[in-house]
Amino acid sequence: HRQTQSYSRDLNKLYRSHPAFYRFDFDPDGFEWINNFSADESIVVFLRKTETDDETLLIVCNFTPVVRNDYKIGVPFKGKYKEIFNSDALVYGGSGNVNPRLKQSKFSECDGKDESIRITVPPLGMSVFSCTRLREAKKPVGSKTSTVESKREKTPVKKVSKRTTRKAK
């Protein structure tokens with residue numbers, strides 16, 4: 001009973017601490033299918049969203065008793081994906097098929113998305129991942145490329161001397 005109590009307590013805590021689960025409940029913008037067509041594997045993948053990308057949650061559900069190792073999933077943006085809940089965790093009486101490490105997305109198309117990750121999908125279980133978008137680093141104002149370009153622009157044009165002009169005539 002202790003494992004079931006922990007499971008229920010952690011699910012309630014997860015729901016209350018992540019606005020993506022409830023903020024846009026009655027708005028289509030709060031939900032997005034990633035993969036709902038893997039009939040052979042019986043796996044469903046979707047997003048719960050808010051107005052902020054960093055509150056996005058990726059949910060993966062497996063409806064078979066088969067563990068899926070190195071399973072490729074399309075993700076909404078380039079970023080880091082951290083498993084924050086897994087129903088197959090040992091603490092809940094599961095078999096421990098979890099994703100303990102942070103997953104960095106890679107530019108590799110899957111499920112109609114440009115970026116993807118590879119995860120372990122637990123049998124008859126659900127995994128929830130928090131998503132953190134990676135921001136593209138802006139080039140500093142004084143970077144090498146801008147300095148070279150500005151030097152090119154400031155290079156003085158050779159003036160033609162009067163002597164050269166006379167000789168040409």
Side-chain angles (χ1 to χ4, degrees), residues 1-140:
H1 294 298
R2 187 170 289 142
Q3 291 168 329
T4 304
Q5 287 174 337
S6 293
Y7 183 78
S8 296
R9 181 189 64 240
D10 290 352
L11 267 179
N12 287 328
K13 189 174 165 183
L14 181 72
Y15 179 81
R16 285 191 312 267
S17 63
H18 293 279
F21 279 122
Y22 56 82
R23 183 158 304 147
F24 289 155
D25 262 354
F26 302 101
D27 187 337
D29 291 337
F31 180 89
E32 180 183 338
W33 283 113
I34 296 291
N35 182 337
N36 64 345
F37 48 84
S38 290
D40 294 339
E41 291 119 353
S42 296
I43 292 178
V44 173
V45 183
F46 61 93
L47 298 175
R48 288 302 310 241
K49 304 184 292 184
T50 67
E51 60 279 342
T52 307
D53 283 346
D54 286 344
E55 291 180 347
T56 300
L57 297 175
L58 174 72
I59 293 105
V60 182
C61 302
N62 183 0
F63 296 99
T64 66
V66 179
V67 177
R68 304 286 181 189
N69 291 307
D70 203 35
Y71 193 81
K72 188 176 181 181
I73 294 174
V75 293
F77 45 76
K78 181 178 182 175
K80 296 179 181 181
Y81 294 82
K82 179 182 179 186
E83 186 173 73
I84 57 173
F85 183 83
N86 188 318
S87 63
D88 196 45
L90 294 173
V91 69
Y92 307 131
S95 53
N97 292 291
V98 298
N99 297 279
R101 292 196 171 129
L102 193 69
K103 304 290 181 181
Q104 171 80 39
S105 71
K106 293 188 169 73
F107 185 74
S108 178
E109 194 278 328
C110 184
D111 300 324
K113 303 290 184 187
D114 291 336
E115 297 281 326
S116 62
I117 58 173
R118 291 191 173 273
I119 64 168
T120 297
V121 181
L124 297 170
M126 173 186 75
S127 298
V128 179
F129 293 82
S130 64
C131 311
T132 305
R133 182 185 287 270
L134 285 181
R135 310 286 186 232
E136 295 297 323
K138 293 182 180 179
K139 291 183 181 178

Nearest heavy-atom neighbours spanning [X] and [Y]:
{"X": "F85", "Y": "D10", "value": "CE1-CB, 4.2 Å"}
{"X": "F21", "Y": "R48", "value": "O-NH2, 3.3 Å"}
{"X": "P123", "Y": "V67", "value": "CD-CG2, 3.5 Å"}
{"X": "V98", "Y": "T120", "value": "O-CB, 4.3 Å"}

side-chain contact (heavy atoms from CB on, under 4.5 Å) partners of [X], counting only residues at least two apart:
{"X": "L90", "result": "none"}
{"X": "L124", "result": "P65"}
{"X": "K13", "result": "R16"}

From [X] atom [atom1] to [Y] atom [atom2], the distance as rounded to the nearest 0.5 Å:
{"X": "C131", "Y": "L57", "atom1": "SG", "atom2": "CG", "result": "6.5 Å"}
{"X": "F77", "Y": "D114", "atom1": "CZ", "atom2": "CG", "result": "13.5 Å"}
{"X": "E83", "Y": "S130", "atom1": "CD", "atom2": "OG", "result": "10.0 Å"}
{"X": "S116", "Y": "I34", "atom1": "OG", "atom2": "CD1", "result": "11.0 Å"}
{"X": "E51", "Y": "R23", "atom1": "CD", "atom2": "CZ", "result": "4.5 Å"}
{"X": "S105", "Y": "L58", "atom1": "OG", "atom2": "CG", "result": "11.0 Å"}

Is D54 salt-bridged to K80, going by a charged N under 4.0 Å from an acidic O?
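Judged by the 4.0 Å cut-off on N to carboxylate O distance, D54 and K80 do not form a salt bridge.
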Could you check whether E32 pairs with K49 (Lys NZ or Arg NE/NH1/NH2 to Asp/Glu carboxylate O, under 4.0 Å)?
yes
So does [Y] get a backbone contact from the side chain of [X], meaning a donor-acceptor N/O pair under 3.5 Å?
{"X": "K78", "Y": "Q104", "result": "no"}
{"X": "D111", "Y": "K113", "result": "no"}
{"X": "T56", "Y": "D53", "result": "yes"}

Does the gap between the ring centers of Y22 and Y15 come in under 6.0 Å?
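Ring centroids of Y22 and Y15 are less than 6.0 Å from each other.
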Picking from I59, I84, I119, what satisfies side chain to side chain contact (heavy atoms under 4.5 Å, CB included) with F129?
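Going through I59, I84, I119 one by one, the side chain to side chain contact (heavy atoms under 4.5 Å, CB included) with F129 is satisfied by I119 alone.
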Give me the one residue out of T132, V75, L102, N99 that meets side chain to side chain contact (heavy atoms under 4.5 Å, CB included) with Y81.
V75
Are there over 12 heavy-atom neighbours, none belonging to D70, within less than 6.0 Å of that residue's CG?
yes
Contact between S6 and Q3 at the side-chain level, heavy atoms closer than 4.5 Å - yes or no?
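Result no, sub-4.5 Å side-chain heavy-atom pair not found.
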Student check: side-chain heavy atoms of L11 and M126 closer than 4.5 Å:
yes
Which residue in the set N86, D88, N62 passes side chain to side chain donor-acceptor pair (under 3.5 Å) when paired with N97?
D88
What orientation do Y7 and Y92 show, parallel under 30°, tilted 30 to 60°, or perpendicular over 60°?
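Geometry flag for Y92 against Y7: perpendicular rings.
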